[in-house]
Every structure is written in structure tokens, then in C-alpha cells.
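Small disclaimer: the values here were computed from a predicted structure and weren't measured.
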Amino acid sequence: MREFDGKSIFITGGANGIGLATARLFVERGARVAIVDFDRDAGENALAELRQLRGQAIFLPGDIADAADVRRMVDATVEQFGGLDCAFNNAGICHPADALWDDDAFDRTFAINVRGMMQCMKAQLRHMVPQGHGAIVNTASVAGLVASVAPSQPAYTASKHAVIGLTKSVALRHARDGIRVNAVLPGVTMTNMVREVMQQGPEVRATLENLAPMGRMARPEEVGEAVLWLCSDRASFVTAHALAVDGGALAQ
């Protein structure tokens, strides 16, 4: 029997990067996975990939900044799979205009990274609390603990600090309901967003690789493995925790 056989998982930002890598790991270990993403084309491609692994998966296009959209997608997952065991609230943005102290960039960043995550947890807890169990993992960042990681991105940094606070608050509120709520804090990870940044030149790539004492960036599946552990019974006494997957960067 595989670790997540029969378990149902809800993943936002599941069409690429850390979200897709984590969806892949869940499917390989027996889970039924609903991936959510704003990008329809990427979502359909991700769904095809998961089904090639012979996994049970669905794709739900939608915007997590829209509370009604979030409820619709979570309810559709429960209807499809008969319940909701785990959720990985991974969707987030780093707005290109953030460095300019742009008001719209700030508002959109918080609408996705904080309010959207809150709406996801509200919808997920509507199902998890009555059933008496569930595990939620939220994607924060090492920038949620130290501002020096993204000094030119004030809205992003502030939003990731907020994610950690939100995670801890919700975890304490539901600790006796059988629900565990944790955050994963990736360091620099080889995703499409990071690849775009690296196109600025070899010196940028070198800087990103040297942020971690291990001298490289994380692979998306390395972050995914941490998410699976937090969702598993092996982490049964772990809640309100912010787990860094950063190659030692925060220790510097």
C-alpha cells in the first residue's frame, strides 16, 4: 500500500513549478489530486502529465483571489473524491512592479498571497473540521523570515511574513479539531520564474546559486518532499511550524 492511497489532495498553483512537482509526488504515492491554476493551458498540460502516471487527477481553472471561485473549486474536489484530506496552498505571485512601490502591485500581491490563501483555508476547513481530520500546508518563503532575501520586493516580503503568521494562527485555532496547519519556506528554487530571472545574465545565476551554503538552487521536488512529509502521518505531532527548505540559507 502506498503512503497516500485513497487520500484526496487539493493543490493551488499546481500547473507548474513546486505545485506540479508536488502533485506528481502525491500521485506516485497513490493520492487523488485536484490541481488549481489560473493558467488553463498549463493546467491542461499538467493534468495530461499526471494522468500519464496513471494517477487520479482533475484540473480546476480559477482565481484564488475570488472567494466564490475558491469555494466552487474546493467543493468540486470534495464532490469528485468524496472528501478532502490534505491541501497545499501554493499559489503566489511576485509582482514585477513591486520594487516601484506601486499601489496596485501591493494590493494584487496581498490579494493572491494572503487573502487568497485565507479564502482557500476557509473553504477547506468547512469540510475538514466536520470530518475531524486534515492537513494543510501553505507556501511561504525564506523571505517570510528575513527581508534580505528579496530586499527590492517589499510587498512580496511582507506577504510571506503574513503567510507565516496566518498559518500559525489558523493552526492554533484548529489544533483540537484534528487539523494540522504548517508552512513550507522554499529558498531559491529552479522554477520558471527563477529561470526568467536568470536570463538577465550569468552573474545573476551565480548570485542565486550562491545564496544557499550548499551552492545550488533547490529542485521543485525537494520542496515537494517536505510538503508530503508535513501532510503525512509521520508528521502527526507537527503543527504551526514553518519548515525551511533552503539549503542552509537562513543559517547565514
Any side-chain heavy atom of [X] sitting closer than 4.5 Å to one from [Y]?
X    : Y    : result
P154 : F106 : no
H161 : T157 : yes
Q119 : I64  : no
P186 : I18  : yes
F4   : L228 : yes
Y156 : H95  : no

At what distance, to the nearest 0.5 angstrom, does [atom1] of [X] lie from [atom2] of [Y]?
X    : Y    : atom1 : atom2 : answer
R29  : K7   : CZ    : NZ    : 15.0 Å
N16  : D39  : CG    : CG    : 7.5 Å
R115 : D66  : CZ    : CG    : 9.0 Å
T22  : E225 : OG1   : CD    : 9.0 Å
Q124 : L84  : CD    : CG    : 6.0 Å
S152 : L100 : OG    : CG    : 9.5 Å

Determine whether a donor-acceptor pair (N or O, by modelled atom type, separation under 3.5 Å) exists between the side chain of [X] and the backbone of [Y].
X    : Y    : result
E44  : D41  : no
S141 : K160 : no
R180 : V238 : yes
D246 : L185 : no
S169 : L166 : no
T77  : A34  : no
T189 : T191 : no
T12  : N90  : yes
N113 : S159 : no
R32  : F81  : yes

Might you work through the side chain to side chain contact (heavy atoms under 4.5 Å, CB included) test for V149 and L211, ending with a clear yes or no? CA-CA 8 Å; V149 174; L211 284 174; 5.5 Å; no
Atom of [X], atom of [Y] and distance for their closest heavy-atom approach:
X    : Y    : answer
G144 : I164 : O-CD1, 3.4 Å
D85  : S8   : OD2-N, 2.8 Å
T167 : N182 : CG2-C, 3.4 Å
V245 : A226 : CG2-CB, 3.6 Å
S232 : E3   : CB-OE2, 3.2 Å
R2   : V27  : NH1-O, 3.9 Å

Carboxylate-amine/guanidinium proximity below 4.0 Å for R24 and E221: no
Any salt bridge between E28 and R54, counting N to O under 4.0 Å? no
Go through D177 and L125 one step at a time and tell me if the side chain to side chain contact (heavy atoms under 4.5 Å, CB included) criterion holds. CA-CA 10 Å; D177 293 328; L125 289 163; over 6 Å; no
Is the number of heavy atoms from other residues, nucleotides or ligands under 6.0 Å of [X] [atom1] greater than 12?
X    : atom1 : result
R40  : CZ    : no
Q252 : CD    : yes
R216 : CZ    : yes
F110 : CZ    : yes

What residue among V184, L243, T139 forms side-chain contact (heavy atoms from CB on, under 4.5 Å) with V223? V184
Do the side chains of [X] and [Y] join up, straight or via other hydrophobic residues, at under 4.5 Å, putting them in one cluster?
X    : Y    : value
M128 : V74  : yes
V70  : V36  : yes
L53  : L20  : yes
M118 : V114 : no
I9   : L47  : yes

Verdict with supporting geometry, V78 and F10, side chain to side chain contact (heavy atoms under 4.5 Å, CB included): CA-CA 9 Å; V78 172; F10 181 89; over 6 Å; no
Regarding N89 and N138, is there a side-chain donor-to-acceptor distance under 3.5 Å anywhere? yes
Is it true that the side chains of H127 and D75 contain a donor and an acceptor less than 3.5 Å apart? yes
Passes side chain to side chain contact (heavy atoms under 4.5 Å, CB included), T109 versus D107? Steps please. CA-CA 5 Å; T109 298; D107 291 345; over 6 Å; no
